[in-house]
Chemist: 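Next up is a structure, given as structure tokens.
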Amino acid sequence: MLKYMKKGSVIVDVAIDQGGCIETARPTTHDDPIYEVDGIIHYCVANMPGAVSMTSTVALTNATLPYALELADKGYQVAARENPELAKGLNIVDGKVTYKGVAEAFNLKYEPLEAVL
């Protein structure tokens, strides 16, 4: 799809740490953060939050602490039944694969989460 972009456009691959989401992406560093392919600038710094570690840590903590507290207060079974966001994070429960994408990827039997909670 690069051919449809204007020359000088910028692509930022924020998923480069997990293998990237852009075909032309390759990991870069804070010291050498960009490169060009077909006139398109690529910014693919692995661990982008590392440039602002304190800020990113505070942001991550603010986003995740309520979930951790809910899990600690209720246990994962009750918390997952009451909170669909937490339920989406369960892939395997008691040895049963409860996330369809994981089951399909590994050719395993899928069990709906509701059936095992």
Chemist: Is there a chain of hydrophobic side chains (I, L, V, M, F, W, Y, each step under 4.5 Å between heavy atoms) that links Val10 to Val14?
Modeler: yes

Chemist: Shortest non-hydrogen contact from Ala103 to Tyr110?
Modeler: CB-CB, 3.7 Å

Chemist: Testing the basics here: between Gly8 and Ile41, what is the closest heavy-atom pair and its distance to 0.1 Å?
Modeler: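 Closest approach of Gly8 to Ile41: O-CG1, 4.3 Å.
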
Chemist: Going hydrophobic residue to hydrophobic residue with side-chain gaps under 4.5 angstrom, can you get from Leu86 over to Val78?
Modeler: no

Chemist: Stepwise, does the side chain to side chain contact (heavy atoms under 4.5 Å, CB included) test hold for Thr29 with Val45?
Modeler: CA-CA 5 Å; Thr29 65; Val45 173; 5.8 Å; no

Chemist: Given side chains that start at C-beta, do those of Val37 and Ile40 come closer than 4.5 Å, heavy atoms only?
Modeler: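 SC-SC contact between Val37 and Ile40 ruled out.
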
Chemist: Got Lys96 and Val93 here, is their nearest side-chain heavy-atom distance under 4.5 Å?
Modeler: no

Chemist: Considering non-hydrogen atoms only, spot the tightest contact between Thr98 and Ile92 and give its length.
Modeler: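 Scanning both residues, the minimum pair turns out to be OG1-N, 3.7 Å.
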
Chemist: Excluding sequence neighbours, so at least two apart, what forms side chain to side chain contact (heavy atoms under 4.5 Å, CB included) with Pro49?
Modeler: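 Here the qualifying residues are Asn47, Ser56.
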
Chemist: Is the side chain of Lys7 donor-acceptor paired with the backbone N or O of Asp38 at a distance under 3.5 Å, no angle test?
Modeler: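 Side chain of Lys7 to backbone of Asp38: a pair is present.
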
Chemist: Is any side-chain heavy atom of Val97 closer than 4.5 Å to a side-chain heavy atom of Lys109?
Modeler: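 In short, these two side chains do not touch, never coming nearer than 4.5 Å.
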
Chemist: Are Met5 and Ile11 side-chain neighbours, meaning at least one heavy-atom pair lies under 4.5 Å?
Modeler: yes

Chemist: Is there side-chain contact between Thr28 and Tyr35, with at least one heavy-atom pair below 4.5 Å?
Modeler: yes

Chemist: Which heavy-atom pair separates Ala80 from Leu117 by the least distance, and what is that distance?
Modeler: CB-CD1, 3.8 Å

Chemist: Hey, could you give me the CG/CD distance between Leu113 and Gln77, rounded to the nearest 0.5 Å?
Modeler: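 Spacing of CG (Leu113) from CD (Gln77) equals 10.5 Å.
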
Chemist: Do Val116 and Asp94 have side chains that approach each other closer than 4.5 Å (heavy atoms only, starting at C-beta)?
Modeler: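 With C-beta onward as the side chain, the pair stays apart.
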
Chemist: Would you say Glu85 and Tyr67 are linked by a side-chain donor-acceptor pair, where the criterion is simply a distance under 3.5 Å?
Modeler: yes

Chemist: Taking the side chain as C-beta and beyond, is there a heavy-atom pair between His42 and Leu2 under 4.5 Å?
Modeler: yes

Chemist: Given 3.5 Å as the limit, does a donor-acceptor pair link the side chain of Asp13 with the main chain of Cys44, or not?
Modeler: no

Chemist: Got a second to check how far Thr57's OG1 is from Asn62's CG, nearest 0.5 Å?
Modeler: 11.0 Å

Chemist: Please assess Tyr99 against Lys88 for the test side chain to side chain contact (heavy atoms under 4.5 Å, CB included), listing each intermediate value before the final yes or no.
Modeler: CA-CA 8 Å; Tyr99 189 78; Lys88 289 178 184 177; 6.0 Å; no

Chemist: Are there more than 12 heavy atoms of other residues, nucleotides or ligands under 6.0 Å from atom NZ of Lys3?
Modeler: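 Count not over threshold, so no.
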
